[in-house]
Structures are given as C-alpha cells and as structure tokens.
2 protein chains.
Amino acid sequence: MDIELQQQAADDQRRIAIFKALAEENRLRIIRVLYQAQREMTCSEVGAQLNISKSTVSYHFKALRLVGLTNTRQVAQTKYLSLRSATFEQYLPGFLATL
Amino acid sequence: MDIELQQQAADDQRRIAIFKALAEENRLRIIRVLYQAQREMTCSEVGAQLNISKSTVSYHFKALRLVGLTNTRQVAQTKYLSLRSATFEQYLPGFLATL
DNA sequence: AACTTAGTTCGATAATCATCAAACTAAAAA
DNA sequence: TTTTTAGTTTGATGATTATCGAACTAAGTT
C-alpha cells in the first residue's frame, strides 16, 4: 500500500476522533467556555457553570484531552484545563473564532 | 440576552449536526473525494470509487445533504452531489484546505 | 486520626448509529 | 412492454455512547 494513503488514513482517524469529541453538546459548551474565558478552568468550575454532574464533566474532560483538544496541568488533585491551540490550528483553523 | 442564548443553542445544534456528519469515516472520505474532484458526483460513482454498497452511500448522501454540507442537483433518477461551500465557510472556515 | 476537596471509575440504562441485503420507486432504454 | 439503471426505504444486527449515582483514590485540612 501507498505510504501517502496510509498517512491519510491515519490523519482521518485523528480528524474523526476530533469531530466526535466536538459533536456533543456538553463538550462543545466546555470548549466555548474555555475559549471565552481565555484561561484554565477546573472540572468543578466548569461543572458548576454548566450545571453538569462531576462524573460527567470528568468523562468529557478526559475525552477532550485524549483527542488532544485540551492541555491539562495538574496541581495535587486539581486539574486545570485549557485549549490546545495547535490542534485547532492544524485540523480546524478558523473554527474557534466562529463560536 | 435570553434571545441571544437561544440563538447560540440553535447554532450549537447546527454545529453538532455538522460535526456528527463529519465524524464518520465514509462520509469524511466522500467529502474529500468531492473536494478533490472539484465537480459533482453521483451515488454510484462515489460507491464504486470508495467501494461502499449503494444503500450505504445513499444513507450517507442523505446525511450530508440534511446537515447542509452538500448540494444536490437531480436529473431524472440521478442525483449529483457537490460541496456547499457556504456551510463550510460559515462553520468550518479553513477546514477543507486541511484535507 | 477524622474530615473535606477534587476528580476517577464502575455499573446500569437508554439512545443513537453504520452496515448490508432485499424489496421498492421512478425513469430511461431496448 | 419489458428491461435496465439509479437511488431509496426497510428491517435486522452489532457497536458505540451519554448520563447519573455510588463507591473509590489521593491530597490537603482541622
């Protein structure tokens, strides 16, 4: 098989994972909140602001981190999330500005 | 402000529908094929090129059309699909060029 | 040590979705 | 009229996923 086609298939899997992550209401709201806040936020802060149970927020935080849409900085048991601009620029340039 | 929030929620539903449509391997391949071909294509043509059964191609064509990612031009029983640039520009500016 | 805080994992449930063959519709061709 | 062509719909199946409470871990606090 062609190496370029293999690379394209791998890129597509990455794209699909990213689209799946964004194709959900609460995750999209989390992305917007992080984008508009322009700073790091914790699980509990986001959960309180969007009124989502903490287990669900944790679940979505993990999903966003796994596909590389967010950065996580951990201090003790607290995790601070922020957007990973590089991923948005590579796969969805211009998207954040449409929010 | 209430009205703005309602509008934002409606926009989000549109975004989610679009992301869902793109978060699937065969639909993403169809989008790429249409983008690179720079012309209209039929169900059977896409099915042959991507090796997908005709009922599945029909299913995906409908999904893409319903969320407004494609235009359909019908001539007798043949439907010609092409990308709807306006939707990409509004919700995913710069995305197609990353393919 | 006991308590609080922050977040994760588990179990169960409900919902959505991708796939294909088969049956179907509608139009063009023979 | 009969046949072919293009695409849709249906039904069944298997797979993934979003949600919550409850139980859990780990770190800080009193």
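So that the names make sense, note that chain A is the first sequence line, chain B the second, and so on, each numbered from 1. Atoms considered below: every heavy atom in the structure, side chains included; atoms not considered: hydrogens, waters and symmetry mates.
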Do the rings of A:Phe88 and A:Phe95 sit parallel, tilted or perpendicular, given the 30° and 60° boundaries?
parallel

D:dA27 base / A:Gln77 side chain donor-acceptor hit below 3.5 Å
yes

Nearest-nucleotide check on DNA chain D, A:Ala23 vs B:Arg65; residue mapping nearer the 5' end is B:Arg65

Rounded to whole Å, CG of B:Leu81 lies from P of D:dA6 at a distance of 16 Å

Could you pick out which residue, A:Ala76 or A:Ile52, lies toward the 5' side of DNA chain D when each is mapped onto its nearest nucleotide?
A:Ile52

So if I take every side-chain heavy atom of B:Ser55 and compare against D:dT19, C:dC20, C:dT19, which nucleotide ends up nearest?
C:dC20

May I ask you to evaluate whether B:Ser44 reaches the phosphate of D:dG7, defined as a side-chain N or O under 4.0 Å from OP1 or OP2?
yes

From CD of A:Glu25 over to P of C:dT16, roughly how many Å is that when rounded to an integer?
14 Å

Under 4.0 Å, counting only non-hydrogen atoms across every strand here, what does B:Thr78 touch: a base, just sugar-phosphate, or nothing?
sugar-phosphate

Does A:Arg15 make a cation-pi contact with A:Tyr91 (under 6.0 Å, within 45 degrees of the axis)?
no

So does A:Thr56 get a side-chain nitrogen or oxygen closer than 4.0 Å to the phosphate oxygens (OP1/OP2) of D:dC20?
yes

Under 4.0 Å between a side-chain N/O of B:His60 and OP1 or OP2 of C:dT19, yes or no?
yes

Measure from the side chain of B:Asn26, starting at C-beta and using heavy atoms only, and say which of C:dG7, D:dT19, C:dT19 lies closest.
C:dT19

To the nearest Å, give me how far apart CE (A:Met41) and P (C:dG7) are.
11 Å

Looking across every strand, which nucleic acid part, if any, lies under 4.0 Å from A:Tyr59 by heavy atom: base, sugar-phosphate, or nothing?
base

Are there over 12 heavy-atom neighbours, none belonging to B:Gln38, within less than 6.0 Å of that residue's CD?
yes

From CG of A:Leu50 over to C1' of D:dC20, roughly how many Å is that when rounded to an integer?
17 Å

Out of D:dT8, C:dG7, C:dT19, minimum distance to the side chain of B:Cys43 belongs to D:dT8

Calculate the interatomic distance between B:Phe61 atom CZ and D:dT9 atom P; express it in whole Å.
14 Å

Less than 3.5 Å between a donor and an acceptor, one on the side chain of A:Lys54 and one on the base of C:dG7, is that the case here?
yes

After noting the C-alpha distance and the side-chain angles of B:Asp11 and B:Gln7, does the key distance pass the side-chain hydrogen bond (donor to acceptor under 3.5 Å, both in side chains) rule?
CA-CA 6 Å; B:Asp11 280 350; B:Gln7 181 58 42; 3.2 Å; yes

Whole-Å distance, A:Ile16 CD1 to C:dA18 P, equals 11 Å

Whole-Å gap separating P (C:dA6) and NZ (A:Lys62):
20 Å

Between D:dT17 and A:Lys20, is there an OP1 or OP2 to side-chain N/O distance shorter than 4.0 Å?
yes

Side chains of A:Thr56 and A:Ser53, donor plus acceptor under 3.5 Å:
yes

For the student: nearest non-hydrogen atoms of A:Glu40 and A:Ser82, plus distance
CG-CB, 4.0 Å

Taking atom P of C:dA27 as reference, at what distance in whole Å does atom CD of B:Gln74 sit?
9 Å

Just N and O in the side chain of A:Ser58: are any of them under 4.0 Å from OP1 or OP2 of C:dG7?
no

